[in-house]
Amino acid sequence: MQTPRIFNWPITSIFWPPTLIARQLTSVLYFKHLVGWNRFPDWVLKHSFKSLPVAAGSIGMGCIGFPAHPAWEVTAACNLRCIHCHVASSKPAKDELTTDEAKGFIDNLARVDEFRMLVYTGGEPLMRPDLLDLLYHSKKAGLTNVIATNGTLITEEIAFKLRDAGVVGAAVSFDSSQSAIHNYIRKNDYAFDLAMRGIQALKKAGILLQVNVTAMEYNFSSLDELIELADSEGSGIMLMYQLVPVGRGSAIEEATLKVNENERLLKSLANKQKNVSTIIEPVAGPQYWPYLMERSGKSNGIWLKLAKQVFHGCAAGRGFVYIKANGDVWPCPFVEINAGNVRETPFKRIWREGQVFVNLRNREDTLKGKCGECKYRTICGGCRGRALAYSGDYLAEDPSCFLHPNGSQISAQGFDKC
């Protein structure tokens, strides 16, 4: 039997410069302070060290967990037909990057200093035949690897192969702690049991477990139970997505969370965080960070200055970047705007000079409506994917925001501690 290995990542790239670790520590300590995180010592003992390579190069906390990283949709192929999938495909796209093109892209990606890790996603990345070859290539290029998967294809043998190929973290998607709900959303009667098998295999291989959830009407009432399940299974991170009506999700737009439900969810997460060791971070709900500050009475002066350094809210285009299977470069899977293709333009040029990226990085001046007027536009910025889906303008205000235009108070229900 193979045994887990602790070190499987380039030490220098994680710890240099030392300010990276200092920023990460500051982020998590400020977060702990704002939420009253009772289980923080447990997280430190269980997950903090293994989280370092997963958060490689992170400059704070925000949407999609750790802002400074690229996610690559290596294939559109998938073995499931989830009702909320933003890719909305099942077969490989005809124009996916070839193995040689993919390796060239990885080499170009590794030349961007702030990127120290690469997320392999899909579709289902394990459906790509040359996945292990690509993982080994990015490992050799100095990147740590993370895989985002539905978990159903991961056996113990595959988990150890992934570990040997440089995978330090695996994000497994779950929709409910109730198998019937999860299987309904995934359109497969065995999806829950197979994903649980995958989780056990990943843990045996010593790969940090992350659980990804998409909150919507179908599972909203059972999210607390799912958080407890993720915590009991040893998940170091939980990303709580909200359904954005793109891809197959556009067909179930009525299941998206509206303003009041967004508020209820974020308040519930803050309350739940106190007594679990898993770090829960919202995706497509960047109002979480200003809400925590307002609730704690720390929204001005030095606290606001500190928050601007460590909280980043929506990370689309300002740390996070999404590369499609055919090489198109988007700011986020929910911001379906093509800034260029890596077959035609060097990735680094797209990343540095693409107008959509320039606009998103300069959101102090470019955001519109209530988001443009809000004092929290730096640490929140509204969900750009939701803005685009509902208005056709990725710089418009976020229609799910429950903050007042000046960002000085929570609307309607006040600062209850929920």
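Bear in mind the structure is a predicted one, so any value in this text is a computation, not a measurement.
In this structure, Ser222 contributes its side chain and Asn219 its backbone to a donor-acceptor pair below 3.5 Å. Between the side chain of Arg128 and the main chain of Pro92, no donor-acceptor pair closer than 3.5 Å is present. Remark: side-chain polar atoms of Lys50 are paired, donor with acceptor, to backbone N or O of Gly206 under 3.5 angstrom. A donor-acceptor pair is defined here as one N or O able to donate and one able to accept, closer than 3.5 Å; no such pair exists between the side chain of Asn212 and the backbone of Val172. Side-chain N or O atoms of Asp231 include one that pairs as donor or acceptor with a backbone N or O of Ser277 at under 3.5 Å. Without hydrogens or angle criteria, Thr98 side chain to Glu101 main chain gives a donor-acceptor distance under 3.5 Å. A distance-only check finds no donor-acceptor pair linking the side chain of Thr26 to the backbone of Val310 [under 3.5 Å]. A donor-acceptor distance shorter than 3.5 angstrom exists from the side chain of Thr366 to the backbone of Asn362, with no hydrogens or angles considered. Judged by distance alone, the side chain of Lys139 and the main-chain N or O of Asp164 form a donor-acceptor pair under 3.5 Å. Between the side chain of Glu217 and the backbone N or O of Leu257 there is no donor-acceptor pair closer than 3.5 Å.
No side-chain heavy atom of Tyr291 sits under 4.5 Å from any side-chain heavy atom of Glu263. Residues Met240 and Val213 have side chains in contact (heavy-atom distance under 4.5 Å, counting atoms from C-beta outward). Residues Val342 and Leu97 meet the side-chain proximity criterion, which asks for heavy atoms closer than 4.5 Å. Side-chain contact between Leu126 and Leu131 is present, with heavy atoms from C-beta onward closer than 4.5 Å. No side-chain heavy atom of Asp175 sits less than 4.5 Å from a side-chain heavy atom of Tyr218. Contact of the Ile199 side chain with the Leu209 side chain is registered, since non-hydrogen atoms from C-beta on lie closer than 4.5 Å. Between Leu223 and Ser268 the shortest side-chain heavy-atom distance does not fall below 4.5 Å. For the pair Ser173 and Thr149, the minimum side-chain heavy-atom distance is 4.5 Å or more.
Interatomic distance, Arg384 CZ to Leu395 CG, rounded to the nearest 0.5 Å: 6.5 Å. Taking CG of Leu208 as the reference point, atom OG of Ser51 lies at 5.0 Å (rounded to 0.5 Å). Atom-to-atom distance recorded for Thr345:OG1 and Glu353:CD is 9.5 Å, nearest 0.5 angstrom. Once rounded to the nearest 0.5 Å, the distance linking CZ of Phe334 with CZ of Arg386 reads 9.5 Å. Distance CG/Asn188 to SG/Cys82: 9.0 Å, rounded to 0.5 Å. For the atom pair Ser90 OG and Glu124 CD, the distance stands at 13.5 Å (nearest 0.5 Å).
For the residue pair Leu143 and Phe115, the shortest heavy atom distance occurs at CD2-O, 3.6 Å. Minimum heavy-atom separation, Gln242 to Asn262: NE2-OD1, 2.6 Å. Closest non-hydrogen pair, Leu367 versus Gly381, comes out as CD1-O, 3.6 Å. When every heavy atom of Asn183 is checked against every heavy atom of Ala191, the shortest pair comes out as OD1-N, 3.4 Å. Here the closest non-hydrogen pair linking Pro125 and Ile147 is CG-CG1, 3.6 Å. Closest approach of Pro331 to Phe357, counting heavy atoms only: CA-CE2, 3.7 Å.
Using a 4.0 Å cut-off between charged side-chain N and carboxylate O, Arg363 and Asp365 make no salt bridge. Using a 4.0 Å cut-off between charged nitrogen and carboxylate oxygen, Arg39 and Asp42 count as a salt-bridge pair. Salt-bridge annotation for Lys272 and Glu228: present, with a side-chain N of the basic residue lying under 4.0 Å from a carboxylate O of the acidic one. In summary, Lys324 and Glu96 do not engage in a salt bridge, as defined by a charged side-chain N under 4.0 Å from a carboxylate O.
Side chains of Asp328 and Asn341: a donor on one and an acceptor on the other come within 3.5 Å. Under the 3.5 Å distance criterion, with hydrogens and angles disregarded, a donor-acceptor pair is assigned to the side chains of Asn79 and Asn150. Of the N and O atoms on the side chains of Tyr390 and Thr256, at least one donor lies less than 3.5 Å from an acceptor on the other residue.
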Step by step, work out the side-chain contact (heavy atoms from CB on, under 4.5 Å) result for His84 and Arg186. CA-CA 9 Å; His84 59 308; Arg186 299 275 151 178; 3.7 Å; yes
Salt bridge (Lys or Arg N to Asp or Glu O under 4.0 Å) between Arg377 and Glu364, worked out: CA-CA 6 Å; Arg377 58 189 178 274; Glu364 282 277 358; 2.9 Å; yes
As a quick check of understanding, evaluate side-chain contact (heavy atoms from CB on, under 4.5 Å) for Asp107 and His137, giving each step before the final call. CA-CA 9 Å; Asp107 292 338; His137 190 81; 2.9 Å; yes
Take Arg163 and Glu156 through the test salt bridge (Lys or Arg N to Asp or Glu O under 4.0 Å) and record every step on the way to the result. CA-CA 11 Å; Arg163 184 204 68 179; Glu156 188 171 322; over 6 Å; no
Mind running side-chain contact (heavy atoms from CB on, under 4.5 Å) on Trp289 and Glu281 for me, showing each step along the way? CA-CA 10 Å; Trp289 314 107; Glu281 297 191 58; 4.0 Å; yes
Please determine whether side-chain contact (heavy atoms from CB on, under 4.5 Å) holds for the pair Ile227 and Thr278, giving the CA-CA distance in whole Å, both sets of side-chain angles, and the decisive distance to 0.1 Å. CA-CA 8 Å; Ile227 292 172; Thr278 302; over 6 Å; no
Under the salt bridge (Lys or Arg N to Asp or Glu O under 4.0 Å) criterion, do Asp398 and Lys370 qualify, and how do the steps go? CA-CA 8 Å; Asp398 179 352; Lys370 294 179 181 178; over 6 Å; no
Candidate pair Glu233 and Gln200, rule side-chain hydrogen bond (donor to acceptor under 3.5 Å, both in side chains), full reasoning: CA-CA 8 Å; Glu233 289 297 333; Gln200 302 310 315; 2.8 Å; yes
Given Thr99 and Asp130, is the side-chain hydrogen bond (donor to acceptor under 3.5 Å, both in side chains) satisfied, shown in steps? CA-CA 7 Å; Thr99 300; Asp130 61 354; 2.4 Å; yes
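Environment of NZ in Lys258: crowded, with over 12 heavy atoms of neighbouring residues, nucleotides or ligands closer than 6.0 Å. Annotation for Arg349: atom CZ does not count as buried by contact number, only 12 or fewer foreign heavy atoms lying within 6.0 Å.
When ring centroids are compared, Tyr30 and Phe311 come within the 6.0 Å threshold. When ring centroids are compared, Tyr322 and His86 come within the 6.0 Å threshold. Aromatic ring centres of Phe192 and Phe174 lie closer together than 6.0 Å.
In this structure, Lys187 is positioned above the aromatic face of Tyr184, its NZ or CZ under 6.0 Å from the six-membered ring centre and within 45° of the axis. Judged by a 6.0 Å distance limit and a 45° cone about the ring axis, Arg111 is not positioned over the six-membered ring of Trp351. Geometrically, Lys274 does not engage Trp37 in a cation-pi contact defined by less than 6.0 Å to the ring centre and at most 45° from the axis.
Using cut-offs of 30° and 60° for the angle between ring planes, the Tyr120 and Trp72 rings count as tilted.
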